[in-house]
Structure formats: C-alpha cells, structure tokens
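The structure presented is a predicted model; accordingly, all values stated were derived computationally and were not measured.
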Amino acid sequence: MNLRGKTVVLTGASSGIGAHAAVRLRAQGALVHLVGRDERRTRQVAEALDAPWYTADFEELADVHRLADELTRATHHIDVLAANAGAVMPDRHTADGIDATFQVNVLSPWLLMLLLAEHLWGGRILVTNSRSHKNAVIGLHSLEDLARGRPGVSGHRAYARSKLAAGILLREYGRRHRGIDVGDFHPGIIASDFGRSLGKRGAVMKALARPFTDTPDQGGARLVHLASSTGTLAGTYYTRTRPAKASPQLHSRQLGAALWDFATDLTSSRRPAPGPASSTGRHSSTGR
C-alpha cells in the first residue's frame, strides 16, 4: 500500500514504537493523526511532524467516546488504524469499575475500533500484540475475572491474558466487519520504559532482557511495514514482520462471540450521556 495521502490514526504515539512509527509514516507521505495519553509528549511529537494530535486516557471509557467523535469529525475516511497503545497497569480498578489492565489493553481499543467502524470500511486495523499472549488461557466461564481482576494474579500474567483477549476480540471484529482488514503483531522485545509499573520486578526483567532487545525505531519500522504491506492481513498474527505461531484461542469463534457480548455489556452500561459537540475536552487537544 502506498501510504502517500492515506489517513492513518496511530495510538500510543507519544513515545517508544509509536513515536518512531509516526516519523516513518509521515516520511512516507501519510496523513497521520496521533493519539497519546501524555499531552506534552504527544504535542511535541506532533508539532515536529506538523500532524494533528489528540490525547485520550484509555482508563476512561468516556474519553474513548470523545476521541472517536473528534476523529470522525476530523477525517472522512481512515485507511489504517494502528492500535499501538497498551500498558502493564498497576493492580487497580478504573473509574468505570473495571480492571485497569483489561480496560486499557482490551476494552478501550475495541470500543474505539467499534466507534470508528464506519470510517474504517475498506481500510485496515493493525494491533500491537505481545508474544506473552501464548502463555495465557481464557475460559468461557471466567470472563468476569478479566474485568474484575483477581487477587494474586501478577501484573505480567494479567497483561498476557489481556493481550490474548484483545487478539480474540480483534478477530471477532474482523468476522463482523468483513470490509475491514485486521491483523496483529509482536514487535519484538523493545528497549523502552514499557512495563515500568511492574516496579523492581520489571526493572530486573528489563536488565536481563537488554542483550536481546531491539530499538523502538526497529519496532516502529515493523509497524509501518505491516501497516503498508500489500495483500491483506486476514487475521494473521506476526512476530516482527513474519507470520508466526499464535495461541489457538485467538481464532476461537465461541470465545470471540462470548467476549464480544461481554465487552458490549460492559461498555453499554457505561455509555456517556450525550453532550454538546466540542473539538476539545478535559483530556484532549487537537492542533497542527
């Protein structure tokens, strides 16, 4: 896909893989809309690229609704949604009463895809996943545990479980939106501040992994490669840029349907009341 003149929405754009991917996308002539959580860092990246920018906190479902409203007003069509935002979150519940790791990695990205579906028709969604999803298992009768969180579950295990759930929902999304191409990828073990909320354990893991890590720019290059690849992603899971073995649960239609209904119930019960249209909000800014 020639990205020149194409509209790309990139989440997690304020640092790491996202910031480097933004530079590469802009260099290829893409019309990049950058989304980040940190206003200062997102604005800095965007101003350097002369790109529109938005901030949103995925721990607030109302923020996702507002972000989707702003993006639909700012774009006529979205050719690529690069859903790169994600984090290993502390063990806590959001203001919506949902486990933070599940909301940030699963529920909010899925809700954004759903709200942007009309603008994405004929386009592509590429999600940043993690190979850790292969170490997780999700049971049909334990979906509530994902949203509640469970005492004694480590941050890394909760993250792995959330990435598996996100991958299952992505493929169910592709089945229900046949006109939108979907896929996800593990970018490699990237030398960044990702996982900082794991504290001392995260610092030890980061130090041990350092000889095997790739740079954020390498991760960004892989994102751009897949976002612009010819052919279709067709629900494929990639490691770096090559199709790779994934959890067999990723393609479970039964789990996909159950998670879809579960996510729908969680978000429908927390849908914000309609309010006056606004181009900015408490956590959002747009500009050039």
Side-chain angles (χ1 to χ4, degrees), residues 1-56 58 67 71 74-75 77-87 109 112-113 116 119-120 122-131 170 180-194 212-234 236-244 285-288:
M1 185 194 304
N2 184 345
L3 290 176
R4 183 163 298 280
K6 301 292 185 182
T7 297
V8 180
V9 173
L10 173 65
T11 69
S14 63
S15 63
I17 291 173
H20 286 272
V23 173
R24 289 176 172 272
L25 288 165
R26 198 74 179 91
Q28 292 192 25
L31 305 175
V32 190
H33 293 251
L34 306 179
V35 180
R37 181 173 181 172
D38 184 279
E39 181 176 341
R40 180 184 61 81
R41 292 193 299 180
T42 306
R43 182 178 65 248
Q44 285 178 343
V45 174
E47 288 180 348
L49 300 175
D50 189 27
W53 58 280
Y54 315 75
T55 58
F58 277 15
L67 172 63
L71 286 169
T75 61
H77 178 262
I78 298 171
D79 296 285
V80 179
L81 170 60
N84 174 64
L112 183 62
M113 295 175 203
L116 294 178
H119 268 48
L120 280 161
R124 169 177 291 178
I125 297 174
L126 175 66
V127 175
T128 302
N129 202 328
S130 167
R131 68 178 186 180
L170 176 68
I180 303 173
D181 185 32
V182 304
D184 53 7
F185 81 117
H186 169 62
I189 303 174
I190 305 299
S192 69
D193 62 353
F194 184 84
F212 311 101
T213 57
D214 296 324
T215 67
D217 188 52
Q218 287 175 305
R222 291 160 188 159
L223 185 154
V224 174
H225 174 85
L226 291 171
S228 61
S229 63
T230 56
T232 59
L233 301 177
T236 303
Y237 167 75
Y238 298 83
T239 292
R240 295 182 173 89
T241 59
R242 295 179 179 274
S285 303
T286 62
R288 273 199 173 274

> Among pairs that include at least one residue of residues 223-233, which meet side-chain hydrogen bond (donor to acceptor under 3.5 Å, both in side chains), considering only residues two or more places apart or in two chains?
Replying inline: Arg124-Ser229

>> If we ignore hydrogens and angles and just use 3.5 Å, is the side chain of His119 paired with the main-chain N or O of Thr75 as donor and acceptor?
In response: yes

>> Taking side-chain hydrogen bond (donor to acceptor under 3.5 Å, both in side chains) as the definition, give me every residue that meets it alongside Ser14, ordered by chain and number, with sequence neighbours left out.
In response: none

> Can you tell me how far the OG1 atom of Thr239 sits from the CZ atom of Phe185, to the nearest 0.5 Å?
Replying inline: 10.5 Å

> Is there a donor-acceptor pair under 3.5 Å between the side chain of Thr42 and the backbone N or O of Glu39?
Replying inline: no

> Just by distance, do the side chain of Arg222 and the backbone of Pro187 share a donor-acceptor pair under 3.5 Å?
Replying inline: yes

>> If we ignore hydrogens and angles and just use 3.5 Å, is the side chain of Arg131 paired with the main-chain N or O of His186 as donor and acceptor?
In response: no

> Are Leu81 and Leu10 close enough that some pair of their side-chain heavy atoms sits under 4.5 Å apart?
Replying inline: no

>> Is it the case that the side chain of Asp184 and the backbone of Asn129 share a donor-acceptor pair, with hydrogens and angles ignored and the cut-off at 3.5 Å?
In response: no

> What is the minimum heavy-atom distance between Pro216 and Gly16, and which atoms define it?
Replying inline: CB-C, 3.8 Å

> Are any of the side-chain nitrogens in Arg43 or Asp38 under 4.0 Å away from the carboxylate oxygens of its partner?
Replying inline: no

>> Treating Asp181 as the side-chain partner and Leu233 as the backbone partner, does any N or O pair qualify as donor plus acceptor under 3.5 Å?
In response: yes

> Ignoring hydrogens and geometry, is there a side-chain-to-backbone donor-acceptor pair from Asp79 to Gly123 under 3.5 Å?
Replying inline: no

> With Arg24, which residues qualify under salt bridge (charged side-chain N to carboxylate O under 4.0 Å, His left out), at least two apart?
Replying inline: Asp217

>> As a test of understanding, state which of Val35, Leu116, Val9 forms a side chain to side chain contact (heavy atoms under 4.5 Å, CB included) with Leu67.
In response: Val35

